[in-house]
Structure formats: C-alpha cells, structure tokens
Amino acid sequence: MRTAFNPTLKNVPVVVLSNNDGCVIARSQEAKDLGVKMGDPWFKVAKSYEAQGVRRFSSNYVLYGDMSRRIHHVLERFSPRVEPYSIDEMFLDLKGLPGDLVAHCRDARATVKCETKIPTCVGIGDTKTKAKLANRLAKKRPQFNGVCDLRSADDCAALYPTILLSEVWGIGGASARKLQALGLETVADLAAINLQQARDVLTVTGARVVMELQGTSCLPLSLLAPQRKGLAVTRTFGAVVLTWDGMAEAISTYATRAAEKLRQHGLLATSMTVFIQTNRFVTGDYYGNAASFRIEPTQDTFSLIQDALRGTRSIWQPDRKYWKAGVMLNELIDATTAPAQMFPTKDPVLSAKVMATMDSLNQRFGRGCVRPAVAGTQKKWTARADFLSQRYTTRLNEIMEASA
DNA sequence: TCTGGGGTCCTAGGACCC
DNA sequence: TCTGGGGTCCTAGGACCC
C-alpha cells in the first residue's frame with residue numbers, strides 16, 4: 001500500500017497507527033524486522049524506533065475501503081463468486097473453474113499487483129479454514145512464492161506438523177492455551193483430535209475448526225453481506241474527562257455519529273447502550289459501567305441523545321477520571337421492513353391481532369408512536385406509546401380489547 | 001421424606017476476528 | 001500527555017411460563 005502511493009517508502013520501515021495515534025495496527029516487513037510489535041503503544045516506543053528510521057502514519061480507512069473495492073473488482077474477473085471478508089481479505093469460489101487453479105491464482109495475483117500496485121498472497125484450500133492457513137504460509141514462507149495450495153491430503157500431511165496450532169483461524173490465545181495443556185502443539189495434532197473432545201474443550205466453534213482442517217466445509221461462502229446486528233462509536237479521550245458537561249458533550253457527539261451511521265445504512269435501532277470507563281491501565285481504581293435501554297424506532301437523533309445522557313447520568317460518578325466512552329446501537333432492523341419485524345411472536349394468530357391493533361393505533365396517532373415489546377422474559381405483549389409529553393405503559397391486551 | 005418438569009427467552013461474559 | 005475501534009458467535013444460568 002505505502003509504495004503504491006509513495007514510492008520513496010520502498011524498503012523503509014513504516015508503521016500505521018490506530019485512532020488518536022494510540023498504538024501500532026500495521027507494520028511493513030522492515031518495521032517487523034526492527035522488532036515493532038502489533039499493538040505496541042506508540043508513545044512508549046516512538047523514540048527508539050524513530051531513531052532507527054521508522055516512519056509513522058495515521059490510519060486512513062476511507063482510502064483503504066476504496067482500495068479494497070478496486071481489488072474486489074479485479075478479482076471478480078477471476079471468479080464470479082467473491083466474498084469480501086475484511087477490508088484486506090476476500091474469499092473466491094474456485095469450484096468448477098477449468099484448468100490449473102494455482103496458475104489461475106498466480107495470474108490473479110499478478111493482475112492485482114499490476115492494476116492496483118498492491119502486493120497480495122493467495123491460499124487455496126477445500127475449506128475456508130484451510131485457505132486461510134494456506135494464505136498464511138504463502139505470506140510467511142518464501143518457497144511458495146505468494147501462492148500456497150493445501151487441497152491435497154499429501155500436502156497437508158507434510159505441512160500440518162510444521163505449523164503451530166495458534167496459527168489457525170479461530171484459535172486465539174485462550175484456546176491455544178487449553179489445547180497446549182492437553183499436549184497438542186501443531187496443526188497436525190489439532191486436526192487429529194476427536195470431534196467430541198474438540199467440542200468439549202472449545203465448544204462447537206472449535207469442533208468446526210477441526211472439521212474444516214480435515215477438509216469438511218462448515219463455513220460456506222456467502223456472497224450477500226448479512227444484515228449487520230449492531231454498530232458502535234467509541235473513543236478514548238485525549239485527556240481524562242472530569243466533569244459531567246464534558247462527558248455529556250462526548251456522548252452527544254458519539255450518539256450523533258451513531259445515528260448518522262444508522263441512517264446511512266437505512267436501519268433502525270431497537271436498543272441502545274452507553275458505557276463509560278476510567279483508564280484500565282491505571283491500577284487500583286478502575287470503574288466502568290453501562291446503561292442500556294430500548295428506543296423507539298422513529299425516535300429522532302435529539303431524543304436519542306437525551307435518552308443516552310439520562311441513561312449515563314445514572315451511572316456517572318463525579319469523583320472519577322473518565323478515559324473512554326461509547327455509544328452502541330443494537331438489534332438493528334431494516335427501516336423499510338421495520339413494522340413486520342417488530343413482532344417477535346411466533347404465534348401467527350396473536351401476531352396478526354397485534355399487527356392490526358398497532359396499525360390502527362399508529363394510524364390514529366402517527367406512524368411509529370406505538371410498538372409492541374416483550375417485557376423482560378414475560379411473554380406478555382406490552383405497548384408503549386409516547387404522545388408529546390405524555391408517557392404511559394399499558395398491556396397490549398387491554399388496548400386490543402378497548403379498540404375491538 | 002418430600003419439595004415438578006420441560007421449554008423458551010434474555011443477559012452477561014468470554015472468546016475470537018480484522 | 002500519550003495504551004484502538006468495530007464487529008460476531010457461543011454458553012451458562014436466571015427468570016418465566018404452562
């Protein structure tokens with residue numbers, strides 16, 4: 001990426017920093033060679049690395065998103081079925097393509113490099129987990145020259161014993177420690193364990209990883225991006241926040257930004273969480289708390305923020321040094337299909353009755369003024385309606401009877 | 001000695017990913 | 001002075017219902 005935009009950075013150690021230039025989130029090979037670690041807090045290591053010639057850059061996600069789309073378009077020429085997985089990774093379905101797949105992938109790689117100047121590596125496997133593992137080898141081991149194929153059982157038998165199990169997609173630190181405690185070390189060890197044992201130790205997620213390593217696909221390619229389930233705007237403060245006014249201002253900003261994202265995606269949020277925290281790196285006096293509440297589908301940004309602030313005020317402790325806060329919107333629903341999806345009941349008769357009542361009430365008092373909600377775990381319908389300053393909660397059953 | 005059983009929903013917390 | 005931000009999935013256990 002760096003050399004695509006600034007050729008003078010070729011062979012120069014480069015790091016990219018997170019928001020607020022807090023810590024290292026990407027490094028060039030030269031920076032890795034100098035010992036810069038992923039997640040290093042930059043303020044702690046800047047002096048020594050800058051003395052060694054490391055150049056630092058703030059992150060630019062708009063640019064990365066744009067580059068990602070361009071690469072996606074190039075890859076669509078090599079497979080009609082491309083699933084973008086993250087901003088810098090894509091899965092391609094190669095099933096049914098004629099000819100030598102390795103040659104095909106080398107061609108794709110060369111074309112991406114030629115047209116976007118971005119270097120890439122390709123991993124081929126009969127499951128996503130194997131493709132990810134192959135990609136890792138392609139990146140790390142020069143012998144593969146950027147393309148590694150793990151489809152054949154012979155290649156797996158030869159390579160699995162040479163790879164640590166912590167390299168596997170889905171095996172993080174905690175899982176790796178559990179497996180090591182059982183005496184397992186390599187991918188070969190992991191791929192050979194009993195499925196029930198994998199399930200017992202790592203839950204169903206771990207059993208899936210093992211099956212995928214054995215060549216049974218459990219994670220199908222999904223060409224349509226699934227509906228997202230939540231979104232968040234969170235930040236650490238530049239300087240600790242000591243006053244309620246300062247906190248209120250921060251949360252207002254985050255809530256506004258969250259509402260903007262919501263509209264951009266054509267979504268509505270059903271519930272909202274606000275959290276505030278003191279610095280977790282300062283020992284002895286950590287305090288963190290959160291407030292969650294349901295919000296009306298048609299509520300505007302202003303009342304969204306007001307609710308956020310009311311919710312936060314109740315968890316605010318004035319003697320604390322606040323360091324981080326955030327706003328999260330949950331249970332998102334498509335704005336255009338919202339009314340139907342507001343009814344979580346599985347009972348079609350009740351659902352229809354509820355729907356009709358809601359419709360008539362909404363017609364009378366304005367769209368979205370009434371919605372059903374399942375209160376706690378009680379399977380009782382509750383309608384909550386807000387009319388101007390008047391707020392009341394009533395059993396939906398009573399409303400239904402009244403309007404019948 | 002006995003105190004129901006089984007299903008469902010919700011939440012918090014852990015773990016993982018990039 | 002300064003230690004990221006944004007997601008997903010799974011499980012256990014409590015609460016509730018009939």
Side-chain angles (χ1 to χ4, degrees), chain A residues 15-26 37-47 56 58-61 64-65 68 84-91 128-129 132 135-136 165-179 198-209 218-219 222 225-241 254 257-258 261-262 265 270-271 273 275 277-283 286 288-294 321 323-332 344-347 373-381:
Chain A
V15 298
V16 175
L17 304 179
S18 63
N19 260 40
N20 294 345
D21 292 341
C23 53
V24 176
I25 57 168
K37 298 273 182 304
M38 197 69 172
D40 269 350
W42 188 242
F43 78 94
K44 274 191 180 171
V45 298
K47 221 169 201 172
R56 44 148 290 191
S58 300
S59 36
N60 181 346
Y61 295 102
Y64 308 153
S68 185
Y85 169 63
S86 72
I87 203 151
D88 67 347
E89 287 173 281
M90 292 174 203
F91 287 109
K128 281 185 169 178
T129 304
K132 285 275 283 181
N135 179 270
R136 202 133 176 169
L165 54 76
S166 54
E167 302 272 296
V168 174
W169 186 42
I171 304 297
S175 301
R177 277 189 294 278
K178 285 179 196 164
L179 295 169
R199 208 190 160 111
D200 292 344
V201 181
L202 303 177
T203 81
V204 69
T205 327
R208 271 204 287 263
V209 169
C218 306
L219 307 167
S222 53
Q227 160 81 62
R228 61 150 83 199
K229 306 197 164 164
L231 66 83
V233 176
T234 71
R235 290 288 180 280
T236 49
F237 303 127
V240 290
V241 167
Y254 304 157
R257 179 78 196 99
K261 278 196 194 176
L262 204 61
H265 292 95
T270 312
S271 76
T273 301
F275 71 82
Q277 286 172 8
T278 62
N279 193 335
R280 63 198 162 94
F281 295 101
V282 174
T283 50
Y286 174 78
N289 208 341
S292 292
F293 42 90
R294 306 196 76 77
K321 295 177 180 173
W323 175 76
K324 181 176 186 174
V327 170
M328 299 184 283
L329 301 177
N330 312 309
E331 299 170 70
L332 304 185
T345 180
K346 286 174 187 148
D347 177 347
V374 178
T377 60
Q378 300 173 27
K379 293 178 192 166
K380 284 170 187 152
W381 289 97

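Chain identifiers are assigned alphabetically (A, B, ...) following the order of the sequence lines, protein sequences preceding nucleic acid strands; residue numbering begins at 1 within each chain. Just so it is clear, the model here is predicted, and its values are computed rather than measured.
Residue-level contact check: A:S59 touches neither bases nor backbone, having no heavy atom under 4.0 Å from any strand. Heavy atoms of A:V168 sit under 4.0 angstrom from primed sugar atoms or phosphate atoms, though from no base atom. A:I171 comes within contact range of the sugar-phosphate backbone alone, with a heavy-atom separation under 4.0 Å but no base atom that close. Across all strands, A:I87 comes closer than 4.0 Å to no nucleic acid atom at all (heavy-atom distances). Backbone-only contact: A:G173 has heavy atoms under 4.0 Å from sugar-phosphate atoms and none from a base. Within the nucleic acid shown, A:G230 comes within 4.0 Å of sugar-phosphate atoms alone, with no base atom in reach, counting heavy atoms only. Residue contacts shown for A:N279 are absent, as no nucleic acid heavy atom lies under 4.0 Å away.
As a whole-Å value, the separation of A:E331 CD from C:dC9 P is 14 Å. Rounded to a whole Å, the CZ atom of A:F275 is 15 Å from the C1' atom of B:dG13. Rounded to a whole Å, the CD atom of A:E89 is 17 Å from the P atom of B:dC16. If you take CG of A:L231 and C1' of C:dG5, they are 13 Å apart, rounded to a whole angstrom. Remark: P of C:dT8 and NZ of A:K128 are 15 Å apart, rounded to the nearest angstrom. A:L329 has its CG atom 17 Å from the C1' atom of C:dT8, to the nearest Å. Atom CD of A:Q227 is separated from atom P of C:dT8 by 10 Å (rounded to the nearest Å). Atom CG in A:N330 sits roughly 10 Å away from atom P in B:dT11 (whole-Å rounding).
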Next item on the list: Quick one: do A:D21 and A:R56 satisfy side chain to side chain contact (heavy atoms under 4.5 Å, CB included)? Show the steps, please.
Entry: CA-CA 9 Å; A:D21 292 341; A:R56 44 148 290 191; 2.7 Å; yes
Next item on the list: Could you check A:L332 against A:K229 for side chain to side chain contact (heavy atoms under 4.5 Å, CB included), going step by step and ending with a plain yes or no?
Entry: CA-CA 5 Å; A:L332 304 185; A:K229 306 197 164 164; over 6 Å; no
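Under 3.5 Å, the side chains of A:S86 and A:D88 contain a donor-acceptor pair of N or O atoms.
Contact annotation: A:S18 does not reach the phosphate of C:dT3 (side-chain N/O to OP1 or OP2, under 4.0 Å). A close approach under 4.0 Å does not occur between any side-chain nitrogen or oxygen of A:R280 and OP1 or OP2 of C:dT3. The side chain of A:K132 places an N or O atom within less than 4.0 Å of a non-bridging phosphate oxygen (OP1 or OP2) of B:dC18. Listed pair A:W42 / C:dG4 fails the phosphate criterion, with no side-chain N or O lying under 4.0 Å from OP1 or OP2. The side chain of A:K229 places an N or O atom within less than 4.0 Å of a non-bridging phosphate oxygen (OP1 or OP2) of C:dC9. A:R208 has a side-chain polar atom (N or O) that falls below the 4.0 Å cut-off from OP1 or OP2 of C:dC10. For C:dC9, the OP1/OP2 oxygens have no side-chain nitrogen or oxygen of A:T203 closer than 4.0 Å. Contact annotation: A:T234 does not reach the phosphate of C:dG4 (side-chain N/O to OP1 or OP2, under 4.0 Å).
Considering CZ of A:F237 and NZ of A:K324, their distance stands at 10.0 Å, rounded to 0.5 Å. Note that OG1 of A:T273 and CG of A:N330 are 4.5 Å apart. Values are rounded to the nearest 0.5 Å. A:K261 contributes atom NZ, which lies 6.5 Å from atom CZ of A:R228 (distance to the nearest 0.5 angstrom). To the nearest 0.5 angstrom, A:C23 atom SG is 8.0 Å from A:L17 atom CG.
Here the nucleotide nearest the side chain of A:T236, chosen from C:dG5, B:dA15, B:dC17, is C:dG5. The side chain of A:K324 lies closest to C:dG5 when the candidates are C:dG7, C:dG5, B:dC18. Between C:dT3, C:dC10, C:dG6, one nucleotide has an atom nearer to the side chain of A:V204 than all others, and that is C:dC10. Looking at the side chain of A:S86, the nearest of the listed nucleotides B:dC18, C:dG4, C:dG7 is B:dC18. For A:Y61, whose side chain is taken as the heavy atoms from C-beta onward, the closest listed nucleotide among B:dC18, C:dG4, C:dG6 is C:dG4. Side chain of A:K44, nearest nucleotide from B:dC18, C:dG6, C:dT3: C:dT3. The side chain of A:R199 has C:dT11 as its nearest neighbour among C:dG4, B:dC18, C:dT11.
When each of A:F43 and A:V233 is assigned the nucleotide of DNA chain C bearing its nearest heavy atom, the one mapping closer to the 5' terminus is A:F43.
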